[in-house]
Structures are given as structure tokens and as C-alpha cells.
Participant: 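Have a look at this one.
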Protein chains: 2
Amino acid sequence: MTVTLADVAARAQVSPATVSRVLNGNYPVAAATRERVLRAVDELDYVLNGPASALAAATSDLVGILVNDIADPFFGIMAGAVQSEIGGPGGRAGGERMAVVCNTGGSPERELTYLTLLQRQRAAAVILTGGAVEDAEHAEAIAGKLRRLTEAGTRVVLCGRPPSPDTDAVALTFDNRGGGQQLTEHLLGLGHRRIGYIAGPEERTTTRHRLEGHRAALAARGIEDDPALTVHGPYDRRSGYDATDELLRRAPDLTAVVAANDTVALGACAALRDKGLRIPDDVSVAGFDDLPFSIDAVPALTTVRLPLHEAGARAGRIAMSKEKPPPGGVATVHGELMVRGSTAGPR
Amino acid sequence: MTVTLADVAARAQVSPATVSRVLNGNYPVAAATRERVLRAVDELDYVLNGPASALAAATSDLVGILVNDIADPFFGIMAGAVQSEIGGPGGRAGGERMAVVCNTGGSPERELTYLTLLQRQRAAAVILTGGAVEDAEHAEAIAGKLRRLTEAGTRVVLCGRPPSPDTDAVALTFDNRGGGQQLTEHLLGLGHRRIGYIAGPEERTTTRHRLEGHRAALAARGIEDDPALTVHGPYDRRSGYDATDELLRRAPDLTAVVAANDTVALGACAALRDKGLRIPDDVSVAGFDDLPFSIDAVPALTTVRLPLHEAGARAGRIAMSKEKPPPGGVATVHGELMVRGSTAGPR
DNA sequence: CTGTTAGCGCCTTCAG
DNA sequence: CTGAAGGCGCTAACAG
């Protein structure tokens, strides 16, 4: 049968407790004894039983990272960064912590399900990335879960997501509103007045904030917001393509298109090209996020760079208590406008 | 303190065993009783203790997915697909299985560490995606782990990775060799004779197989393989950019560049453009994988499409025993040549 | 520094 | 269909 800690103890001629101590390295053990135990572990090819150890210690080495879409580099970059910070020695049971990323698909139900699963596993920490769905009921359900999670000793960090009120969750929020505003200001500064806006899915914080920034920039210039110039859709290429067709139909006079993110912007570029329109000569295009491929678009995409890696790493450190949480538990992470070839003055 | 199954039992006026039975739904329980238990669960806001249940049942609901780079959509797409198939009811403890993706960063050590962690957790299944490092020692270490994993009842599936000999792991292998060959044949058919090749990192199966395909195509035409025309590098944009510079320096007469994958190809395109070379007029470029952004490159990238989503989904189903493993435990998944604007005849 | 002793919370025979 | 009882493998006080 499967070899247990007791087997190791027997072979090393020590008590189970001692074996446990050398394995967890959190208690003094004589060098000679430790040596003997380690050898026994090796000879027996022993592997600690995670569930048993988690049960006894009432905590596990699991760190959960929730993402909306694992196929989207936006999340992949953050998840990878988080993970690079949570590993390494220091945890229980051999020192290795296990980062697990959970793909919610943007569905609040799955988000809740995963949080419950993580709660079940007595996760050491949970990090939620990306925008949240704006539904009072779900927000409350999530907040409740987060509350129970923190009460149970799980550290919760939100990365790229607004704070969750009445919760001990630390939040690193992206300044989507400010970024959106900068972007549109840039376009207005170039002389554009008829700007199409391809927003993300409705009812999501990210979508709303970016759109608000856009409108704020418009308002600041006294430009009336034409509802016909805004179209909503998912965060994918196809949506950008279709939305651009639609915008062009509604407003053939538009001179610029702002997309909810870079992926959508690429779709917009494709639609424009297929219509024989040149970028930026006929229509300027801008994205958001500055994902790695954006600089390789032709022309290179003007966008707002979000420090995804840095934010993820910081979230990871906070989750591991390697870094102090920001005062008030909330920090705003700003984007940086990257002006490139896809935007220019209107013809 | 935290509410336990016993608390629920007390409130519902049944025995703990009964509560366990309704929670796991794997045993007949009177409808009225179940109702009562469920209500108690709800009122008490009870959450099953994962470790305890895993300990008692000697198995968990965890399914591990190992990827080389979580920020790369190549892996994200597969991971997402796997996960879409492993969820849903049918598992123990509430019916939800938990897919966790683990980022190895392409390091064999971390791969081993994660496998040990998953073994520790008594994972229900483990899926390894993408190419493997070609080092006899590591290959044997991994094979040993996989063997022990399967012996312990964990189902192991390799997705996009060659079979692991002397192992019960099911393998869905990509036909990288065939794809590479097709691609180069396409270029040769267009009339190219001096073709630069930007290979992936050395010592990896994917790199070697794609390169072998390329050379096989060359050999079939009786073209001598010029070592100066091959450069190795990581699977990223930067590598494609630098390698292209290097190739151009070594062989100013080349008329085409084949990249290890699409991301590298984008870097190659950027380098070419920065040198004032036109694609495909001056130099043709081809990639591999057909990631979503590849069609939006300008010109659109000629590449080999790998059915990443389908393969991942199938791996997930096999891991969950929802689908029969292929005969012999090995299946080859073929790519499809996608000819687009980035390749044309040499000037 | 090391051994002994109790559980951690749940599942699973075995009776009833 | 339901209850009682034992143990899954490990950790965490306590002693020594």
C-alpha cells in the first residue's frame, strides 16, 4: 500500500512527530536525525499526504487565482506574475506552495463555485483578477464569500478589480476611468470629434469605468455624447470586427474608433481594412491594456499600458504577507498612454 | 468555530452519516430527509471540509493542468478547453471538480515539483500540456512520477506532448514534424530556396520535431541544409526579432523566414519591417500554431493551425473517463496548413 | 532535541 | 433507508 509517515518513522527509527518536523522544517531537529529521516523518505519514495496534513493543520498550501478568461494574455500575465511570488520556501509541508488558477469564464456562478471550492480546500490565499460583474445580488454573494474566507484565515486580494465593500479584501484597482479619459483626450487633441466606442460587455466594472473615462473626456470638451457611437460586445476580436461594421453603418463620418481592449481593437482594424479604409489615414484606432502583440499590429496600436505583471506580483506578495497592504486596503494602479502609429489627426 | 458536518446533522436531527450521504449523493436517502439536511446546510452556511473528505475517501476532486507558460494563449486555450470538460457534476462532494492550472515556466524542476504537489493532493487526474524538455534524466524522473501517479489512481493525459514510455499516460501528440514539413514544402513550392529558420529553445521536443519537418522537406528537394540558416531562441517575440536580425546578417540573400511559432513570427515581421523589407514582397514569413492574433497580422500570417481547443477538450474528456482513450494510448493530432498573405513567391 | 497522546472532519463498512 | 463506530494520515500540544 501507499507509504505513510509512520513507515518513514519506523525506517528512520524515530517517532512520527520527528518526521513531521523535519518535513515541515519548522522546528529544531538534530542534523544527524534529519539526515536519517531524509534518507528514509528518499528510500521509501515517500510523499506527504496533503489532505491529511491540511486536515490536521487546519490550513493548506493552496493559493487560488481566479481569472475571467485563461486564454486571454491579460489574465495569463497577471496569473503568472502572482504565481512567481507565491512560490518558494516558507510554506508548510516541504516549503512549496501551490498556485492554482481557476477559470471562471466571467460567470458569477462559477466565480462563486470556485470560491466555495477554495474555501473547502482551506486555501491559504485567494486572488481575484479582472473586472467584476455589476449585479447587486452577485456582488453581495461574492462579498459574503470573501468575508467568510477571510474570517477563516484565508487572505483575499483583488487585482485589477474594484474594492469589495465591507470586506477585508485588499484591492489593487486599475485606473480604468483615468486611462479611458487620457486615451480619448489624446484623440480629441488630434482633432477628432466623431469617435466610435466599442465597449466591453455590459454590467462589468471594467467596461463601465473605461466608458466613463471616455465620456468624461468628451464632456470636458463640451462634446455631446452620441449614443449611436457606442456599441457593446464581448472582449474578443470578433466583437471588434462586428462592432466596427455596425459603427460604420451608423456613422459613416466617424474618424476614430476606441476599443475596450487591444484584442477588440485588432478586430476593429481588420474590419476597417476589409472595408478598404486605411489606419490611421482614414480612421484612427486605439486599444487598452497594451498586450504584447499590440506593438506588432500594423500600424502599431495606440493604447493604455497597464502594468499587469507588476500588479500581479504585488498582489502575490501581499497575499503572502511579504509586502504590507496599502493603507486603507486599497491602492490604485495607473495606466500609461502609449501613443503609436494607429492614431493620427483626421483627414 | 467553523461549522462541521456534525453540526448540520444535529440541526437536521439525523446522523452525520446521513448528511454525508446526501452531500455526496451517492446513496439513497429519503426525499424528506434530504430536504431537511439541505435546509440545515443552508441555514448553517456549511461548507464541506475538502481535506477531511479527501483524507477519508483517499481521493480528491482536484484535476491538475500543467502548462509551460500561462501567459501564452497556446497554453491558455488548451487549459481552458480541458477545464470546460472536467467540470460539471459527477464528482464527489457536491459534484464539482476543481481544475487547477499550474505554471511550470518550462522548467523541468517545477514540473516535477508540481507533479509531487498534485500527488500529495491525491489529484483525480493530471494533464500535461505542450512540449517536454529532452533530457534523459528528467524524462526518466517525470516518467517515474507519472507511473507512481497512475499507480495511485490518478489518471494522466499528455496533451500536445509525445508519449512517455513505460507509462500508463495517454498521449495526444501534435504532429509537429508533419506540420513543419508541410510549411516548408509550401515555401519551396513557391520557389524559395534560401529559407531562414528560427527554432524554439533547444532540447525541447516541439523544437526538434518542427525543425526535423523543415529539414525533411528540404532534403526531399535535394536542398542542402545550411546550418547558418538556423537560429535557436525562446518562444517569444523578442527572440524572433533578434534572430531575424542575425539571420539577415548571416544570409542577406534569404527570401523566407520560418518561425518556431506565431509569436516568434510576429517578432520576425517587426524586424523585417524595421529594416525596410516588405512582407511578402522581399521576404516571406510563416509561423506555427495559428493563434487568434495571427490572422490579424499584416499581412495575415501563413501558419499551421493546431486544433488546440479540440485537443484540450479531448484530453479533458479522457481524463474524466468520458471518452475512451485512443488505441494503444496514443493518438496523433494533425495540423492544417493555413496559407495567407505573409508568404508569396520570391522576387 | 525527541517521544507520546489526542484529535482534525469526514467516509464507510456493518448492523438495524 | 438510517445510525454507530472505527480509522484515513498527519500535526500540535505536552512531557521528558
Side-chain angles (χ1 to χ4, degrees), chain A residues 1-38 40-41 44-61 91-95 119-122 124 152-153, chain B residues 1-38 40-41 44 46-61 91-95 117 119-122 124 152-153:
Chain A
M1 259 308 289
T2 151
V3 25
T4 75
L5 188 145
D7 299 329
V8 176
R11 198 174 205 330
Q13 318 215 62
V14 296
S15 75
T18 301
V19 177
S20 169
R21 295 199 260 254
V22 341
L23 257 27
N24 290 307
N26 52 4
Y27 219 79
V29 172
T33 316
R34 128 179 284 104
E35 206 48 52
R36 206 139 34 84
V37 170
L38 255 18
V41 166
L44 261 31
D45 208 18
Y46 169 69
V47 175
L48 190 67
N49 183 318
S53 121
L55 172 58
T59 160
S60 83
D61 285 336
R92 289 177 39 268
Q119 184 182 2
R120 221 179 245 183
Q121 304 295 335
R122 304 299 186 254
Chain B
M1 259 305 290
T2 150
V3 25
T4 76
L5 189 148
D7 300 330
V8 176
R11 197 173 207 327
Q13 317 216 57
V14 295
S15 74
T18 301
V19 177
S20 169
R21 295 201 258 255
V22 339
L23 256 28
N24 289 307
N26 52 5
Y27 219 81
V29 172
T33 315
R34 126 176 286 105
E35 205 50 51
R36 206 139 34 85
V37 170
L38 257 19
V41 166
L44 260 33
Y46 168 69
V47 176
L48 190 66
N49 182 317
S53 121
L55 172 58
T59 161
S60 83
D61 285 336
R92 288 177 44 267
L117 253 26
Q119 185 182 2
R120 224 179 243 181
Q121 303 297 332
R122 305 299 187 255

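Heavy atoms only: backbone and side chains are in, while hydrogens, waters and symmetry mates are out. Lettering of chains follows the sequences in order, A, B, ..., and the numbering in each one begins at 1.
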Participant: Would you tabulate the side-chain donor-acceptor contacts of residues 12-21 of chain A under 3.5 Å, counting partners in other chains and residues two or more places apart, or write 'none'?
Facilitator:
from	atom 1	to	atom 2	distance (Å)
A:S15	OG	A:A17	N	3.4
A:S15	OG	A:T18	N	3.4
A:S15	OG	A:T18	OG1	3.3
A:S20	OG	A:N24	ND2	3.4

Participant: Run the side chain to side chain contact (heavy atoms under 4.5 Å, CB included) check on B:V41 and B:L23 step by step: do they pass?
Facilitator: CA-CA 9 Å; B:V41 166; B:L23 256 28; 4.2 Å; yes
Participant: Which part of the nucleic acid does B:L5 contact within heavy-atom distance under 4.0 Å: base, sugar-phosphate only, or nothing?
Facilitator: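 Sugar-phosphate, backbone atoms only, no base.
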Participant: Does C:dC11 have OP1 or OP2 under 4.0 Å away from a side-chain N or O of B:N24?
Facilitator: yes
Participant: Using a cut-off of less than 4.0 Å, is there contact between a side-chain N or O of A:S15 and OP1 or OP2 of C:dG3?
Facilitator: yes
Participant: Nearest nucleotide by nearest heavy atom, which residue falls closer to the 5' end of DNA chain D, B:A56 or B:A17?
Facilitator: B:A17
Participant: According to a strict under-4.0 Å criterion, is A:T4 in side-chain N/O contact with OP1 or OP2 of D:dC8?
Facilitator: no
Participant: Can you measure B:Q13 atom CD to D:dA4 atom C1' for me and round it to whole angstrom units?
Facilitator: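 Nearest whole value for this atom pair: 18 Å.
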Participant: Below 3.5 Å, does any donor atom in the side chain of B:R120 face an acceptor in the base of D:dG9, or the other way round?
Facilitator: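 Checked by distance alone, the answer is no.
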Participant: Answer yes or no: does a side-chain N or O of A:T33 lie under 4.0 Å from OP1 or OP2 of C:dT2?
Facilitator: yes
Participant: Taking only side-chain nitrogens and oxygens of A:T18, does any of them come within less than 4.0 Å of OP1 or OP2 of C:dC1?
Facilitator: no
Participant: It should be established whether B:S20 places a side-chain nitrogen or oxygen under 4.0 Å from OP1 or OP2 of nucleotide C:dC11.
Facilitator: yes
Participant: Starting at CG of A:L23 and ending at C1' of D:dA12, how long is that distance when rounded to a whole Å?
Facilitator: 15 Å
Participant: Does A:A54 offer a backbone N or O that forms a donor-acceptor pair with the side chain of A:S60 under 3.5 Å?
Facilitator: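 Here the side-chain-to-backbone pair does not exist.
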Participant: Closest nucleotide of DNA chain D for B:R36 versus for A:P16: which of these residues is on the 5' side?
Facilitator: B:R36
Participant: Quick one: the side chain of A:R122 and the base of C:dG9, do they pair up donor-acceptor inside 3.5 Å?
Facilitator: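 For A:R122, whose side chain was compared with the base of C:dG9, there is no donor-acceptor pair (under 3.5 Å).
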Participant: Return the value, rounded to whole Å, for the distance between atom CG of A:D7 and atom P of D:dG9.
Facilitator: 9 Å
Participant: If I take atom CG in residue B:L55 and atom P in nucleotide D:dG6, what distance separates them, rounded to the nearest angstrom?
Facilitator: 18 Å
Participant: Side chain of B:A30: nearest nucleotide among C:dC11, D:dT2, D:dA12?
Facilitator: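 That would be D:dT2.
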Participant: Using the closest heavy atom to pick a nucleotide of DNA chain C for each, name whichever of B:Y46 or B:R21 lands nearer the 5' end.
Facilitator: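 Comparing both residues, the 5'-ward one is B:Y46.
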Participant: Using a cut-off of 4.0 Å on non-hydrogen atoms, how would the nucleic acid contact of A:V19 be classed: base, sugar-phosphate, or nothing?
Facilitator: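 Contact class for A:V19: none.
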Participant: Can you check the B:N49 CG to C:dG7 P distance for me, whole Å?
Facilitator: 18 Å
Participant: Could you check if a side-chain atom of B:T4 sits within less than 4.5 angstrom of a side-chain atom of B:N49, using non-hydrogen atoms only?
Facilitator: no
Participant: Do A:D45 and A:V3 have side chains that get closer than 4.5 Å, going by heavy atoms?
Facilitator: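 A:D45 does not reach A:V3 side chain to side chain.
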Participant: Once you round it to whole Å, what is the distance between P of D:dG9 and CG of A:L44?
Facilitator: 14 Å
